[in-house]
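Lettering of chains follows the sequences in order, A, B, ..., and the numbering in each one begins at 1. Just so we're clear, the structure is a prediction, and the values are computed from it rather than from any experiment.
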Number of protein chains: 2
Amino acid sequence: MARSGTAEQAGAQAPLTPRADFPLAGRSGYLLHKAALLLLEDVEQALDGIGMRSRYFFVLASLAGGPDLSQQDLSRLLSLDPTTVVALVDEMERNQHVERRRNPADRRRYNLILTESGREALAEADRVVTEAESAFFGGLADDEREALRGMLGRLMEGRWPASVCTA
Amino acid sequence: MARSGTAEQAGAQAPLTPRADFPLAGRSGYLLHKAALLLLEDVEQALDGIGMRSRYFFVLASLAGGPDLSQQDLSRLLSLDPTTVVALVDEMERNQHVERRRNPADRRRYNLILTESGREALAEADRVVTEAESAFFGGLADDEREALRGMLGRLMEGRWPASVCTA
DNA sequence: GTTGAACGTTGATATCTTCGATGATGGATA
DNA sequence: TATCCATCATCGAAGATATCAACGTTCAAC
């Protein structure tokens, strides 16, 4: 709180009284939490237009980085329960967006690889998500957005995505 | 991606190969999402020590700002389903942390007010959460944290918490 | 070879969210 | 005043999620 004040007159016509004294609004932690919720809302809504959910997109995007991720890797990387990953990959395999291939070096694991069709789906989703994010971060100047990305990265240093290995 | 590179040697001793090419790591949106998840994990774990969950704390903290919030307000403010709020307030009333009082100006509404016991619970939770957040944001200088808070606030301008009214 | 651990999978359970319906109330209109 | 519609809180059912224990397979260490 005590910041700016540029948006306070936004709802002037409506009989709403903005609560400048809302305690959580002064807490960096809750701001981060809430901002992430709002963004996720936007992304989810944008993806809904092409019949995809955010987690599906996250997996697609993760797999695009390399062919060597296992389901366990995804679980840790995206904070998903291993059980959830099984169901997700099942679905993606039905859609022919990914393939499970046994890792020859460790036959317990699968190497999850993106199919050509998966890449196309990712490309489309990527457009949609990028658009939603641009709108969300639109209020920030380019260098600010860069600074924000830097800070967020530093907050997670050592916790993510460093804990992921390519066996 | 393409940023800094200060943390890449953090897990040097472990046989892990950090994936610098992880695509989502370059996306501001996902960084925000993931950072919020990690922070929530920390906060949840910290609150677990005193037998409280994060949402319970959020409501407690929201109510501390003024006596005039209704359940509907909470619902919008915290992105909670009205149904969920009912159950939450029920629980809080059982714990004698809040009271429901009919709003005399609009008898459909309740004014939710914090009891003395509720304030004590909030004080304790506040300590715990503040500690967890301090640890999480520890890697940031004070002015950086301030800048971060400012940017997050600006991202939500007009969407939160401006939409909340005190009838 | 034996032991213990990791990976993927399954199924049961608990929890949360979502949706529609309801009764009470308020506000606007005629 | 009477009528109509929206809002608030609540309930119950249905759907989606997360959580947990257990299993077979495979790997690594001894």
request  = Using a strict cut-off of less than 4.0 Å between a Lys/Arg side-chain nitrogen and an Asp/Glu carboxylate oxygen, indicate whether B/E91 and B/R53 qualify as a salt bridge.
outcome  = yes
Q | Lys/Arg N to Asp/Glu carboxylate O, B/E146 vs B/R149, below 4.0 Å | A | yes
Counting any heavy atom closer than 4.0 Å, what does B/R55 reach on the DNA or RNA strands: base, sugar-phosphate only, or nothing?
sugar-phosphate
query: Contact class for A/R53 vs. all strands (heavy atom < 4.0 Å): base, sugar-phosphate, or nothing?
result: sugar-phosphate
Rounded to whole Å, the CD-C1' distance (A/E93 to C/dT9) equals 13 Å
Separation of D/dT26 atom C1' from A/R108 atom CZ, nearest Å, is 6 Å
Report task. May I ask you to evaluate whether B/Q71 reaches the phosphate of D/dC8, defined as a side-chain N or O under 4.0 Å from OP1 or OP2? Result -> no
Between CZ of A/R102 and P of C/dC7 the distance, given in whole Å, is 13 Å
Quick note, A/V86 side chain, CB onward, closest among D/dC27, D/dC8, C/dG8 is C/dG8
Walking DNA chain D from its 5' end, the first of A/L80 and B/V89 to be reached, judged by nearest nucleotide, is B/V89
5'-most contact on DNA chain D (nearest-nucleotide basis), B/P82 vs A/P104, goes to B/P82
query: Any donor-acceptor pair under 3.5 Å linking the side chain of A/E44 with the backbone of A/S54?
result: yes
B/R109 atom CZ is separated from C/dG23 atom P, nearest whole Å, by 22 Å
Taken to the nearest whole Å, CZ/B/R76 to C1'/D/dT7 is 9 Å
Separation of D/dG24 atom C1' from A/R107 atom CZ, nearest Å, is 14 Å
The bend of the helix from C/dG1-D/dC30 to C/dA30-D/dT1, taken between the axes of its five terminal pairs at each end and rounded to 10°, is 30°
Is any side-chain nitrogen or oxygen of B/Q72 closer than 4.0 Å to OP1 or OP2 of D/dT7?
no
- request: Indicate, with a heavy-atom threshold strictly under 4.0 Å, whether A/T83 touches base, sugar-phosphate, or nothing.
  value: base
query = Can you find a heavy atom in the side chain of A/D73 that is under 4.5 Å from one in the side chain of A/R109?
reply = yes
Taking D/dT26, C/dT9, D/dC8 as options, the one with an atom nearest any side-chain atom of A/Y110 is C/dT9
Tightest non-hydrogen contact, residues B/L32 and A/A36, listed as O-CB, 3.9 Å
Note to self: Do A/R27 and A/K34 have side chains that approach each other closer than 4.5 Å (heavy atoms only, starting at C-beta)?
What the structure shows: no
Check your understanding: Looking at A/T84, does any N or O in its side chain come under 4.0 Å of the phosphate oxygens OP1/OP2 on D/dA18?
Key -> yes
Among the nucleotides C/dT18, D/dT10, C/dT25, whichever has the atom closest to the side chain of B/R100 is D/dT10
Rounded to whole Å, the CG-P distance (B/D90 to C/dC16) equals 14 Å
From CG of B/N111 across to C1' of C/dT25 the rounded distance in Å is 15 Å
Cut-off 3.5 Å, side chains only: do B/R102 and B/Y110 have a donor facing an acceptor?
yes
I'd like to check A/L63 versus A/I113 (side-chain heavy atoms, cut-off strictly below 4.5 Å). Are they in contact? no
